[in-house]
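Shown next, in structure tokens, is the structure this report addresses.
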Amino acid sequence: MWPDRRLIDLFKTEFPIVLAPMAGVMDAELVIAAAQGGALGSLPCAMISAEKAREQVSLIRQRVKAPVNMNFFCHTPVDLTTDAEARWRQRLAGYYTEHGLDPAAPIAAANRAPFDAAFCEVVEELKPEVVSFHFGLPEQALLKRVKAAGCLVISSATTVKEAVWLEQHGADAVIAQGAEAGGHRAMFLTDKIAEQPGTFALVPQVADAVKVPVIAAGGIADGRGIAAAFALGASGVQIGSAYLRCPESKVSAGGRKALAEARDDSTVITNVMTGRPARGVQNRLMLEAGPISPDAPPFPHAATALGPLKAAAEKQGRVDFTNLWAGQAVALGREVPAAELTRDLAKSALARLKALAG
């Protein structure tokens, strides 16, 4: 009944829905539940160790017979200079004092590791059906090894140029990430945040420019959005924000409250949380220090000094310094189990498509 079955046939899933990998707020439990509902479950691996990734994939394999997507970052690491660190710590010093913290105390570095040879060995060992990347693709030698392991490769594009580049360099499908999408912008051929197109403008142009299936992402949180994505030329959708309030997610109590109260204008694109542009629910830091600040050190170093502040505020039930990534359709999210939500999304989308065709 789906007007385009290319993604279903490629991934061998029941529905053309991909659970977005949301590092820090989900683990195997949400992957399993979404997969049980018929979606492609995605395990975010950028903030966990190789051993943890093995453990998580093992849990998924034990619980569900469905394809698995392992997701990685593939950014080029940038060293943190002493000057940049000092400038950022000075900007945050007042918050440290307010929370009774020592602004000069040593802090463990933020963990946002790019895909490397060690993780490539994990992929070769576990052989996930799909491997997805953010911020482009890894170096060609590693990519060849991933493909040789029998994995399909997908990655996100924020412009037509990026989508074409991904197809030319071996992507089996392209995620067209509109500006509405939550989380880090996948930008890798541009740094011009003001020029990022929205989903409605991006998806049809990407669909015209590439031959591989296109997965629409950004502002899609119900059946209407899924139907619209297909009308624009997509073969499927990637959805994240709609799953944040599911019981299987790991969002904190304070975060859940903020999500429940969020509206269409509650999210902003900011660099103050990690040093790289990302969309999330506006918090105190974004409001007072950003949303875009030249003081924020490069990705992922901005997150390091925020660690103690985040922990202190969350103990008080606040998300003043929490990177609660979410897209502009976050208000459409619901507190229902992920498997049920997935089936409801697919049922609603099919009903909408049938009505439009009738």
Side-chain angles (χ1 to χ4, degrees), residues 19-27 29-30 33-34 44 92 95 98-99 177-185 193 198-199 217-226 228 237-274 276-293 296 302-303 306-342 344-345 348:
L19 167 67
M22 299 177 286
V25 293
M26 63 169 287
D27 61 10
E29 190 176 357
L30 185 58
L92 300 177
Y95 298 122
E98 178 186 329
H99 288 82
Q177 187 196 38
E180 301 95 321
H184 284 98
R185 304 301 304 146
I193 194 70
T199 306
I220 302 168
D222 63 9
R224 293 169 294 183
I226 297 172
V237 297
Q238 178 170 276
I239 297 177
S241 300
Y243 286 93
L244 286 172
R245 293 169 63 197
C246 292
E248 298 90 350
S249 89
K250 304 304 177 188
V251 177
S252 67
R256 288 179 182 274
K257 182 175 183 293
L259 289 169
E261 295 172 352
R263 297 293 175 258
D264 61 314
D265 58 354
S266 295
T267 68
V268 296
I269 293 177
T270 181
N271 73 333
V272 299
M273 303 308 300
T274 66
R276 193 166 185 135
R279 181 178 292 281
V281 176
Q282 183 160 256
N283 59 24
R284 180 184 174 189
L285 182 68
M286 295 178 197
L287 188 64
E288 296 177 358
I292 302 295
S293 172
L306 293 177
L309 292 171
K310 174 183 175 181
E314 286 188 350
K315 283 181 181 177
Q316 300 172 13
R318 303 200 317 273
V319 289
D320 293 352
F321 308 97
T322 300
N323 51 333
L324 194 59
W325 300 141
Q328 289 182 324
V330 62
L332 297 176
R334 293 181 288 141
E335 295 180 22
V336 296
E340 179 184 336
L341 174 62
T342 304
D344 285 350
L345 288 168
S348 175

Closest heavy-atom pair and its distance - [X], [Y]:
{"X": "G218", "Y": "T199", "result": "O-OG1, 2.8 Å"}
{"X": "V330", "Y": "A262", "result": "CG1-CB, 3.7 Å"}
{"X": "V336", "Y": "C246", "result": "O-SG, 3.1 Å"}
{"X": "G223", "Y": "S348", "result": "CA-OG, 3.5 Å"}
{"X": "A33", "Y": "A338", "result": "CB-CB, 3.6 Å"}
{"X": "D222", "Y": "L345", "result": "CA-CD2, 3.5 Å"}

### Task
Side-chain contact test, heavy atoms from C-beta onward, threshold under 4.5 Å: evaluate it for E248 versus L341 and give yes or no.
no
Looking only at atom types and distance, does a side-chain atom of [X] sit under 3.5 Å from a main-chain N or O of [Y], one as donor and one as acceptor?
{"X": "R279", "Y": "A179", "value": "yes"}
{"X": "N271", "Y": "S293", "value": "yes"}
{"X": "S241", "Y": "G327", "value": "yes"}
{"X": "T270", "Y": "P291", "value": "yes"}

Quick one: list whatever passes side-chain hydrogen bond (donor to acceptor under 3.5 Å, both in side chains) with [X], sequence neighbours left out.
{"X": "R284", "value": "E98, E288"}
{"X": "S249", "value": "R256"}
{"X": "D27", "value": "none"}
{"X": "Q238", "value": "none"}

[X]: which residues meet the salt bridge (charged side-chain N to carboxylate O under 4.0 Å, His left out) condition with it, sequence neighbours left out?
{"X": "R185", "result": "none"}
{"X": "R276", "result": "none"}
{"X": "E29", "result": "K250"}
{"X": "E340", "result": "none"}

As an exercise, state the distance from [atom1] of [X] to [atom2] of [Y], rounded to the nearest 0.5 Å.
{"X": "L259", "Y": "T267", "atom1": "CG", "atom2": "OG1", "answer": "11.0 Å"}
{"X": "I292", "Y": "M286", "atom1": "CD1", "atom2": "CE", "answer": "10.0 Å"}
{"X": "L285", "Y": "Y95", "atom1": "CG", "atom2": "OH", "answer": "5.5 Å"}
{"X": "N283", "Y": "M273", "atom1": "CG", "atom2": "CE", "answer": "5.0 Å"}
{"X": "L30", "Y": "L19", "atom1": "CG", "atom2": "CG", "answer": "5.0 Å"}
{"X": "T342", "Y": "I239", "atom1": "OG1", "atom2": "CD1", "answer": "8.0 Å"}

### Query
Taking only residues two or more places apart in sequence or in another chain, which ones pass side-chain contact (heavy atoms from CB on, under 4.5 Å) with E261?
K257
### Message
By the side chain to side chain donor-acceptor pair (under 3.5 Å) test, which pairs, at least two apart or in different chains, include something from residues 322-333?
### Response
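Checked against side chain to side chain donor-acceptor pair (under 3.5 Å) - neighbours excluded - the pairs reaching residues 322-333 are E314-T322.
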For residues 306-313, which side-chain donor-acceptor pairs fall under 3.5 Å, sequence neighbours excluded?
none

### Query
Among all residues two or more places apart in sequence or in another chain, which pass the ring pair (Phe, Tyr, Trp, His ring centres under 6.0 Å) test with Y243?
none
